[in-house]
Amino acid sequence: MLDIKFIRENPELVKKGIKNKNEKDTVDQIIELDEKRRSFIAQVEELKAQRNSASQQIGQIKKSGGDASAQIAEMKRVGDMIADLDKNLSGVEEQLHNLLIWIPNLPNETVPIGKSADDNVEVRQWLPEGFTFENEEKVLDHTELGKKLKILDFERGAKITGSGFPVYMGKGAQLERALINFMLDYHIKDHGYTEVIPPLLVNRESMFGTGQLPKLEEDMYLAEKDDLFTIPTAEVPITNLHRNEILEENQLPINYVGYTACFRREAGSYGKESKGFLRVHQFNKVEMVKLVKPETSYDELESITNDAEDILKALKIPYRILMLCSGDLSFAAAKCYDIETWSPAENKWLEASSCSNFENFQARRANIRYRKTENKKLDFVHTLNGSGLATSRLMVSILENYQTPEGKVIVPEVLQKYTGFKIID
RNA sequence: GGAGAGUUGGCAGAGUGGUUGAAUGCGGCGGUCUUGAAAACCGUUAAGGAUGCAAGUCCUUCCGGGGUUCGAAUCCCUGACUCUCCGCCA
């Protein structure tokens with residue numbers, strides 16, 4: 001959520017940001033409603049001040065046994081006027097709110113302007129020693145490998161639930177679990193994060209707080225009876241841990257890491273991209289969330305991105321970092337790096353992580369503030385998150401990059417102590 | 001699922017219609033005292049909004065929403081959550 005005062009004072013800046021994000025510009029309507037709102041406030045507050053002092057007088061008169069019926073009649077009239085004005089005011093405020101919640105966060109000034117994913121900018125690439133993009137022999141893709149080695153079963157997943165709900169079997173399940181544990185341990189021990197196991201269903205307030213609602217309602221599973229959503233990412237419950245709280249400056253930065261299953265309807269995105277793990281409705285992800293002081297948030301963005309990269313370096317998976325252009329940024333993000341891992345079978349990069357700075361956009365929605373040590377003033381924290389990482393796409397890269405000419409898969413060295421075996425055959 | 005109790009400021013906890021934004025205690029901050037610290041004592045201590053260059057003035061807020069009233073933390077309705085007991089269950 002943007003600050004209405006900021007919009008009022010910088011309408012052109014806001015309009016530009018909205019345009020660069022390909023979102024709907026309602027700034028003129030917002031400013032008009034804001035003026036209306038403030039004019040109603042001025043009127044109604046004037047009357048309320050009048051009523052408050054008169055009510056006090058009436059109390060005095062009654063106490064001393066006098067007759068206050070004239071004042072009471074007058075105040076009844078004033079009360080009716082207040083009721084009318086209040087009604088108008090809340091009507092205007094509702095309209096204003098309904099526009100404001102659709103205004104996206106503005107891109108940071110360092111973000112390249114662009115329309116779509118084609119305009120994202122590659123920042124750097126990391127390739128393991130000896131890696132080459134050319135494959136002399138045919139590489140099996142992850143679905144073929146999964147079938148051959150009996151470690152993934154997409155067909156049975158479709159039977160018991162529907163397409164896009166993968167089943168991991170045997171060593172596949174063990175590898176998945178090893179990967180999750182490895183990533184959690186790494187972030188906890190080497191990067192100093194605190195582990196959280198949050199609920200997988202959350203209420204509307206939480207979904208609003210991180211910016212999934214109202215825009216992305218159609219992309220989420222909803223348990224209608226209880227009006228609860230399954231989480232599309234652990235970002236939602238973990239960031240909302242501190243909703244409506246005031247933190248102390250010396251508590252910051254707060255670094256959380258959590259593993260959860262994630263659920264996405266991916267409405268309207270069926271197609272060739274949906275093979276195997278490439279697009280699923282349920283997947284596993286280790287997510288990092290940071291609550292930080294505003295002045296540090298861009299350093300923290302670099303840091304959280306590095307934390308995700310460290311995992312890939314340890315696994316020796318080739319990856320590249322993209323800086324998303326304005327048009328490809330999510331609704332709530334001000335700046336975002338995507339990490340893509342290499343898939344030799346698809347012969348392309350697959351998004352495995354997304355690290356974003358939301359500045360105070362989510363903190364405003366979720367009302368997460370902190371008290372500054374210096375002057376005791378309150379301010380909104382900045383929130384960040386980054387996948388560290390999503391296992392589905394990562395599993396594609398591991399299976400494909402670590403396969404032997406015979407179609408077996410070597411377990412990455414750092415995972416071997418977690419799996420207890422070195423090869424899947 | 002059934003029955004009951006509760007939700008007040010950073011925390012604990014008073015307050016059942018009229019200077020109650022809210023007693024008191026703790027905590028926090030400032031000060032006195034002290035070589036320093038502790039103790040003791042004194043003072044101070046909410047957030048959001050409107051307006052204003054500012055000082056200030058005003059409005060709102062006692063879980064959320066609605067109502068009664070000239071006036072509500074206080075009365076009524078409703079929703080959420082918490083706790084206790086019973087039932088069911090991993």
Side-chain angles (χ1 to χ4, degrees), chain A residues 1-9 30-101 197-209 213 222-229 237 240-252 254 291 360-361 363-381:
Chain A
M1 197 95 108
L2 296 185
D3 183 6
I4 180 68
K5 270 191 225 155
F6 181 83
I7 298 177
R8 192 190 297 150
E9 284 159 18
I30 285 172
I31 287 176
E32 197 180 309
L33 283 167
D34 177 50
E35 275 165 19
K36 242 180 177 170
R37 168 181 154 264
R38 285 187 293 151
S39 135
F40 276 129
I41 287 174
Q43 294 173 55
V44 79
E45 285 192 352
E46 163 77 33
L47 289 176
K48 280 182 179 173
Q50 208 177 313
R51 179 177 68 183
N52 286 346
S53 67
S55 289
Q56 243 174 62
Q57 281 174 28
I58 291 168
Q60 297 290 338
I61 293 170
K62 287 205 161 185
K63 213 177 217 171
S64 56
D67 173 25
S69 54
Q71 285 90 332
I72 288 175
E74 170 63 10
M75 280 311 109
K76 192 164 177 59
R77 202 179 62 81
V78 171
D80 289 343
M81 289 165 68
I82 291 173
D84 277 355
L85 280 168
D86 262 339
K87 208 171 180 181
N88 292 336
L89 175 61
S90 55
V92 168
E93 283 184 330
E94 194 188 334
Q95 288 178 53
L96 184 60
H97 179 76
N98 286 340
L99 292 179
L100 277 175
I101 59 176
I197 302 181
L200 303 182
L201 282 91
V202 297
N203 56 31
R204 278 183 186 275
E205 289 72 28
S206 297
M207 282 296 187
F208 179 81
L213 289 181
L222 171 63
E224 279 185 63
K225 252 186 178 169
D226 301 289
D227 205 31
L228 296 174
F229 295 88
N240 276 282
L241 281 174
H242 295 291
R243 175 151 50 85
N244 291 328
E245 286 186 16
I246 295 172
L247 304 163
E248 292 301 325
E249 180 171 342
N250 61 20
Q251 289 178 261
L252 303 177
I254 293 176
L291 283 75
N360 67 21
F361 189 82
R364 280 181 184 282
R365 291 186 159 232
N367 191 29
I368 308 171
R369 294 174 294 174
Y370 76 105
R371 192 178 298 281
K372 296 186 191 179
T373 310
E374 193 191 348
N375 56 11
K376 303 289 167 204
K377 295 278 186 221
L378 296 178
D379 194 7
F380 292 103
V381 301

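In what follows, chains carry the letters A, B, and so on, assigned in the order in which the sequence lines appear, proteins first and then strands, with residues in each chain numbered from 1. This is a predicted model, so every value here is computed, not measured.
Residues A:Leu47 and A:Gln43 fail the side-chain proximity criterion, which asks for heavy atoms closer than 4.5 Å. Here the side chains of A:Leu100 and A:His97 are not in contact, with every heavy-atom distance at 4.5 Å or above. By the 4.5 Å heavy-atom criterion applied to side chains, A:Phe361 and A:Leu2 are counted as neighbours.
At B:rA50, one or more side-chain N or O atoms of A:Arg37 fall inside 4.0 Å of OP1 or OP2 (strictly under the cut-off). Under 4.0 angstrom from either OP1 or OP2 of B:rU60 there lies at least one side-chain N or O belonging to A:Asn52. For the pair A:Arg369 and B:rA46, the criterion of a side-chain N or O lying under 4.0 Å from OP1 or OP2 is not met. Taking only side-chain nitrogens and oxygens, A:Lys48 never comes nearer than 4.0 Å to OP1 or OP2 of B:rC59.
Separating the CG atom of A:Asp34 from the C1' atom of B:rA50 is a distance of 11 Å, rounded to the nearest angstrom. At whole-Å resolution of the value, NZ in A:Lys372 and C1' in B:rC29 are 18 Å apart. Remark: P of B:rU69 and NZ of A:Lys76 are 5 Å apart, rounded to the nearest angstrom. Distance, A:Asn244 CG to B:rU61 C1': 14 Å, rounded to whole Å. Rounded to a whole Å, the CZ atom of A:Phe40 is 18 Å from the C1' atom of B:rU51. Atom CG in A:Leu47 sits roughly 16 Å away from atom P in B:rC58 (whole-Å rounding). Rounded to whole angstrom, the span from the CD atom of A:Gln56 across to the C1' atom of B:rC58 amounts to 14 Å. In this structure, CZ of A:Arg77 is placed 17 Å from C1' of B:rG71, rounded to the nearest angstrom.
Between A:Glu245 atom CD and A:Arg243 atom CZ the span is 10.0 Å, to the nearest 0.5 Å.
Within 4.0 Å of A:Ala49, counting heavy atoms only, lie sugar-phosphate atoms of the nucleic acid but no base atom. A:Ile41 comes within 4.0 angstrom of sugar-phosphate atoms only, judged by non-hydrogen atoms across all strands, and of no base. Residue contacts shown for A:Arg8 are limited to sugar-phosphate atoms, with no base heavy atom under 4.0 Å away.
Using P as the reference atom, B:rC58 and B:rC41 are 35 Å apart when rounded to the nearest Å. Here, B:rU57 and B:rG65 have their C1' atoms 31 Å apart, quoted to the whole Å. Between the P atoms of B:rA47 and B:rG10, the separation comes to 8 Å (whole Å). As rounded to the nearest Å, B:rU20 and B:rA73 have C1' atoms that lie 8 Å from one another. When the P atom is compared between B:rA14 and B:rU24, the two are found 15 Å apart, to the nearest whole Å. Distance noted for atom P between B:rG17 and B:rG13: 24 Å (whole Å). A distance of about 7 Å separates the C1' atoms of B:rG1 and B:rG87, rounded to the whole Å. Using C1' as the reference atom, B:rG9 and B:rA23 are 12 Å apart when rounded to the nearest Å.
Ion pairing between A:Glu45 and A:Lys48 fails under the 4.0 Å rule for side-chain N and carboxylate O. Salt bridge status for A:Asp34 with A:Arg37: present, with a side-chain N to carboxylate O gap under 4.0 Å.
Taking every side-chain heavy atom of A:Arg38 into account, B:rU51 is the closest of B:rC70, B:rU51, B:rC59. Comparing B:rC58, B:rA50, B:rA47 by their nearest atom to the side chain of A:Leu378 picks out B:rA47. Nearest nucleotide to the A:Glu45 side chain, out of B:rC70, B:rU51, B:rG49: B:rG49. With distances taken from any side-chain atom of A:Arg371 to the nucleotides B:rA50, B:rC70, B:rA47, the minimum falls on B:rA47. Closest to the side chain of A:Arg51, from the set B:rG71, B:rA47, B:rG18, is B:rG71.
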*So what's the dot-bracket for RNA chain B: Watson-Crick or G-U pairs under 3.5 Å, [ ] if a pair crosses, | if it pairs off-strand?*
((((((((.[[[..)..(.....]]]((((((.......))))))((((((....)))))).[[[[[..)....]]]]])))))))....

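By the 6.0 Å contact criterion, CD on A:Glu94 is open, its count of non-hydrogen atoms from other residues, nucleotides or ligands being 12 or less. Counting heavy-atom neighbours within 6.0 Å of A:Glu32 CD, excluding the residue itself, gives a total of 12 or less.
Mapping A:Gln71 and A:Ile246 onto RNA chain B by nearest heavy atom places A:Ile246 at the nucleotide closer to the 5' end.
Residues A:Ser206 and A:Asn203 bring a donor and an acceptor atom of their side chains to less than 3.5 Å of each other.
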